[in-house]
Amino acid sequence: MTEPRTPPLQSRLPQVGTTIFTVMSALAQVHGAVNLGQGFPDFDCDPRLLDLVNDAMREGLNQYPPMPGVLPLRVAVAAKVEALYGRRYDPDSEITITAGATQAILTAVLCCVHPGDEVIVLEPCYDSYAPNIELAGGRVVRVPLTPGTFRPDMALIGAAITKQTRAIIVNSPHNPGATVWTRAEMQQLAELLAPTDVLLISDEVYEHMVYDGAPHVSASSIPALAARAFVISSFGKTFHVTGWKVGTVVAPAPLTAEFRKVHQFNVFTVNTPMQHGLARYLADPEPYLQLPAFYQRKRDLFRAGLVRTRLRPLPSAGTYFQCVDYSAVSSLPEGEFCQWLTREIGVAAIPLSAFYEDGFEQGIARLCFAKRDETLNAALQRLANL
Ligand SMILES: Cc1ncc(COP(=O)(O)O)c(C=O)c1O
């Protein structure tokens with residue numbers, strides 16, 4: 001008898017290892033550090049939302065929902081998007097509920113990218129984009145956002161568009177840069193794409209975290225972009241329930257039809273009671289309308305503390321992230337600095353270089369302020385020792 005043997009397999013994603021988020025969270029735990037690395041709240045969601053999901057479960061809403069998502073939630077999303085961004089999406093043919101934004105982005109990429117197609121990403125960027133494109137057999141074309149400001153350089157984006165370009169992935173408000181695209185920038189993108197067949201995958205998971213009275217300019221609010229866009233959002237971010245993994249994709253009917261072909265054989269459906277609970281919760285717009293004020297107060301508390309340290313806070317116009325320039329403190333490369341900060345100072349952060357394929361170094365670390373005030377104050381107290 002020969003020993004049972006696991007056959008070797010050739011990796012589809014040979015470059016992918018353990019993510020920096022897992023590494024830093026583990027290190028934070030070992031050293032008892034305040035974890036401002038991974039981007040999730042350390043406080044609970046509105047108990048009313050829990051009650052609504054619980055009600056749905058007890059009402060027996062626990063079996064497979066329709067493939068695109070439960071109708072009340074698609075109707076609620078249609079009303080919300082129309083009220084906020086002025087475009088009416090048809091709940092039947094243009095709105096799909098997904099297992100978080102991560103699945104939505106992968107599904108959007110898989111449904112439109114063929115082997116050899118090029119997809120433009122703007123670096124630094126969320127770590128799932130490039131592997132998603134590679135899984136589809138596409139080629140990742142990396143265009144840098146302007147170092148220092150993280151603003152899009154339209155000339156560079158324009159120069160990257162070729163006959164092979166199938167799509168561009170844009171993320172505003174931006175993780176990790178904490179920038180928010182202006183209407184003028186979104187319009188410039190529309191003009192750039194107008195003569196092409198390039199699709200837009202617009203990652204808007206932080207749509208309700210925009211500060212200082214600025215608007216979130218959704219791709220759905222610009223008709224020339226909306227016509228070619230998968231617009232993606234995440235209830236996990238908006239309602240402090242990142243572990244629920246429920247997101248949305250709104251897109252014109254022909255794009256949605258292709259999206260759903262992949263979606264139905266990818267996850268098929270997303271958990272039923274959460275969808276009903278979210279649909280009922282959305283009847284009141286206050287929770288998401290108040291989110292900018294809620295997070296702006298935390299941002300301001302955190303920044304007020306940071307200016308008393310030797311870290312230099314960069315602008316944070318959106319998202320729940322705050323980048324800091326640490327060049328006055330250390331000349332270590334970003335990865336080493338973040339490990340040192342976790343070990344010696346007791347605050348975990350994420351090196352910005354992790355969001356660049358080539359590990360571009362700028363002496364910047366990303367901190368997350370979606371934390372209780374006590375957590376932020378504890379971190380600030382430690383950072384004051386720098
Ligand atoms: C830019 C960006 N896109 C997508 C996601 C994923 O969202 P979800 O948790 O809904 O999958 C995140 C989460 O960190 C993110 O930062």
Side-chain angles (χ1 to χ4, degrees), residues 19-25 35-42 45 49 69 73 77 95-110 119-133 142 145 150 152 167-181 200-210 216 218-219 229-250 259 263 266-267 270-271 274-275 278 288 291 295 316-323 348-352 354-356 366-371:
T19 74
I20 184 72
F21 307 102
T22 311
V23 171
M24 293 308 300
S25 287
N35 191 354
L36 303 189
Q38 222 167 348
F40 59 84
D42 72 345
C45 69
L49 177 57
L73 184 53
V77 169
I95 298 177
T96 311
I97 309 304
T98 60
T102 309
Q103 182 241 318
I105 297 161
L106 173 64
T107 305
V109 168
L110 287 176
V119 181
I120 297 173
V121 301
L122 307 178
E123 277 195 331
C125 65
Y126 186 57
D127 60 349
S128 78
Y129 299 165
N132 286 183
I133 296 160
R142 296 179 162 84
L145 293 165
F150 304 113
I168 176 168
I169 306 181
V170 166
N171 170 220
S172 173
H174 180 250
N175 172 18
T179 48
V180 176
W181 285 39
L200 170 63
I201 297 172
S202 191
D203 179 348
E204 304 185 10
V205 298
Y206 300 103
E207 64 177 319
H208 298 298
M209 297 169 210
V210 179
H216 166 62
S218 173
F230 296 95
V231 180
I232 292 166
S233 190
S234 168
F235 291 116
K237 303 288 182 192
T238 303
F239 294 140
H240 319 308
V241 286
T242 57
W244 288 11
K245 300 296 289 184
V246 186
T248 57
V249 180
V250 302
F259 181 94
H263 177 78
N266 180 352
V267 290
V270 177
N271 61 77
M274 262 74 168
Q275 291 193 58
L278 286 164
Y288 59 81
L291 206 62
Y295 271 125
S316 172
T319 76
Y320 46 46
F321 298 114
Q322 172 65 61
C323 287
I350 300 290
L352 223 68
F355 298 86
Y356 291 87
R366 189 200 76 176
L367 300 163
C368 172
F369 58 79
K371 306 292 169 190

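First listed ligand is number 1; within each ligand, the first listed atom is number 1.
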Heavy atom of the protein closest to atom 7 (O) of ligand 1 (residue, atom name, distance): Ala101 CB, 3.5 Å
Atom 3 (N) of ligand 1 sits nearest the protein heavy atom Asp203 OD2, 2.6 Å
Report the relative orientation of the aromatic rings in Phe259 and His263; use parallel for angles under 30°, tilted for 30 to 60°, perpendicular for over 60°. parallel
Take the angle between the ring planes of His208 and Tyr288 and call it parallel below 30°, perpendicular above 60°, tilted in between. tilted
Looking at [atom1] of [X] and [atom2] of [Y], how far apart are the two atoms once the value is rounded to the nearest 0.5 Å?
X      : Y      : atom1 : atom2 : value
Cys368 : Gln322 : SG    : CD    : 11.0 Å
Thr107 : Phe230 : OG1   : CZ    : 10.0 Å
Leu367 : Asn35  : CG    : CG    : 10.5 Å
Leu110 : Asn132 : CG    : CG    : 7.0 Å

Going by the order shown, which atoms of ligand 1 are within less than 4.0 Å of some heavy atom of [X]?
X      : result
Gly100 : 10 (O), 11 (O)
Val205 : 2 (C), 3 (N), 4 (C), 15 (C)
Asn171 : 1 (C)
Ser234 : 8 (P), 10 (O)
Tyr206 : 1 (C), 13 (C), 14 (O), 15 (C), 16 (O)

May I ask you to check if ligand 1 and Lys245 share an N or O to N or O distance below 3.5 Å? yes
May I ask you to establish whether Lys371 and Phe40 are in a cation-pi arrangement, using a distance under 6.0 Å from NZ or CZ to the six-membered ring centre and at most 45° from the ring axis? yes
Considering Gln38, Gln103, Lys237, which one's heavy-atom position lies nearest to atom 14 (O) of ligand 1? Lys237
